[in-house]
Number of protein chains: 2
Amino acid sequence: MRRMTRQRAAIWDTLGQTDEFRSAQQLHDALGARGESIGLATVYRALQALAESEDVDVLRTADGENLFRRCARREHHHHLVCRSCGRTVEIDGPTVEAWAALVGENHGFRDIEHTIELFGTCETCVQA
Amino acid sequence: MRRMTRQRAAIWDTLGQTDEFRSAQQLHDALGARGESIGLATVYRALQALAESEDVDVLRTADGENLFRRCARREHHHHLVCRSCGRTVEIDGPTVEAWAALVGENHGFRDIEHTIELFGTCETCVQA
DNA sequence: GTTTGTGCAAATATTTTGCACTTGA
DNA sequence: TCAAGTGCAAAATATTTGCACAAAC
């Protein structure tokens with residue numbers, strides 16, 4: 001079903017080089033800088049596939065851009081992102097998970113899903 | 001600073017006609033059906049202004065479209081949206097608010113903001 | 001060898017913007 | 001009057017897709 005190509009290997013590898021979320025464009029640039037010539041459409045297609053198989057996290061910024069990152073953990077989790085430097089912390093929130101499920105049920109909703117992202121300014125950036 | 005024009009009045013009025021979230025496009029169509037000829041750009045500009053002054057709620061769908069709705073309540077709150085019929089329930093969550101603030105602080109982040117949306121299938125749609 | 005992936009360029013879709021013209025206060 | 005608002009069409013953004021070609025398995 002899924003073939004390992006030079007392009008996909010390079011994308012996966014590049015994704016592993018940092019912990020930060022990056023856009024398809026940034027990834028494409030990084031690949032170029034690395035000497036890998038890969039079409040932007042291919043990057044999008046690869047990221048889409050990786051997101052689908054949950055091998056990368058997807059984060060939607062306020063201005064509608066998708067950012068991708070190789071997952072550190074496999075389970076469901078959320079993120080706390082520094083709005084200044086982009087540093088990311090992975091969060092797991094039994095509290096909110098429970099809250100979300102409860103609120104949904106209270107209103108007679110089934111199959112609750114939730115989107116939760118936290119944004120703030122990290123310690124380093126506050127000082128700067 | 002802010003002038004009341006025929007266009008803005010019509011947009012505001014049309015927003016009040018339903019409780020559902022609608023896109024700029026849908027609003028524009030509804031206005032047309034009503035006999036009001038208003039430029040799409042004007043609709044966008046009006047909605048942007050209304051969102052800024054918090055007179056409408058903005059919801060970002062998974063596919064990156066902005067939906068708007070006249071606020072029922074003034075304060076900060078979240079939504080539970082039916083993925084099938086679009087019915088919306090406004091939620092206020094002291095629990096999550098507190099959780100978000102706490103998580104942020106624990107990681108040394110300041111000025112925490114959060115994005116939280118719940119999606120599910122409502123009772124009516126489950127039966128159907 | 002056949003099916004899946006790739007590259008390119010063109011297409012989509014949504015939202016924004018420049019600019020000349022209107023209009024509300 | 002005259003700053004603020006509007007309309008239109010063009011631009012900007014982010015992502016997707018058609019199709020001919022290349023490459024995994």
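Side-chain atoms are counted along with the backbone in the values below, which use heavy atoms only and exclude waters and symmetry mates. First the proteins, then the strands, lettered A, B, ... as listed; each starts at 1.
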- Task: To the nearest Å, give me how far apart CD (B:Q48) and C1' (D:dT6) are.
- Result: 15 Å
- Message: Is it the case that the ring center of B:F21 lies less than 6.0 angstrom away from the ring center of B:H79?
- Response: yes
- Task: Take the protein atom CG of A:L27 and the nucleotide atom P of D:dA14, then report the distance between them rounded to whole Å.
- Result: 14 Å
- Query: Between atom CD1 in A:I38 and atom C1' in D:dA23, what is the gap in whole Å?
  - Reply: 14 Å
- What's the closest nucleotide to the A:Q7 side chain, out of D:dT6, D:dG5, C:dT6? C:dT6
- Describe the nucleic acid contact of B:S23 in one word from base, sugar-phosphate, nothing, applying a heavy-atom distance below 4.0 Å. nothing
- In whole angstrom, what separates B:R8's CZ from D:dT6's C1'? 9 Å
- Contact class for B:R45 (heavy atom, under 4.0 Å): base, sugar-phosphate, or nothing? base
- Round to a whole Å and report the spacing from OH of A:Y44 to C1' of C:dA13. 13 Å
- Is A:T61 touching bases, backbone alone, or none of the nucleic acid, heavy atoms closer than 4.0 Å? nothing
- Query: Quick one: is B:T5 getting a side-chain N or O under 4.0 Å of the D:dG5 phosphate, OP1 or OP2?
  - Reply: no
- Note on the structure: note: A:R3, atom CZ; D:dA22, atom P; distance rounded to Å ~ 16 Å
- Is a salt bridge present between A:E20 and A:R70, judged by a nitrogen-to-oxygen distance below 4.0 Å? no
- Separation of atom CD in A:E65 from atom C1' in D:dA12, rounded to whole Å: 13 Å
- Query: Nearest nucleotide by nearest heavy atom, which residue falls closer to the 5' end of DNA chain C, B:R6 or B:N66?
  - Reply: B:N66
- Message: Rounded to whole Å, please give me the gap between CG in A:L47 and P in D:dT15.
- Response: 10 Å
- Query: Which is it for B:I116 and B:I91 under the side-chain contact (heavy atoms from CB on, under 4.5 Å) test, yes or no, and what are the steps along the way?
  - Reply: CA-CA 10 Å; B:I116 299 179; B:I91 301 293; over 6 Å; no
- Indicate whether the side chain of A:E97 and that of A:H78 have a donor and an acceptor atom separated by less than 3.5 Å. yes
- Side chains of B:R69 and B:E90 in contact at under 4.5 Å (non-hydrogen atoms): yes
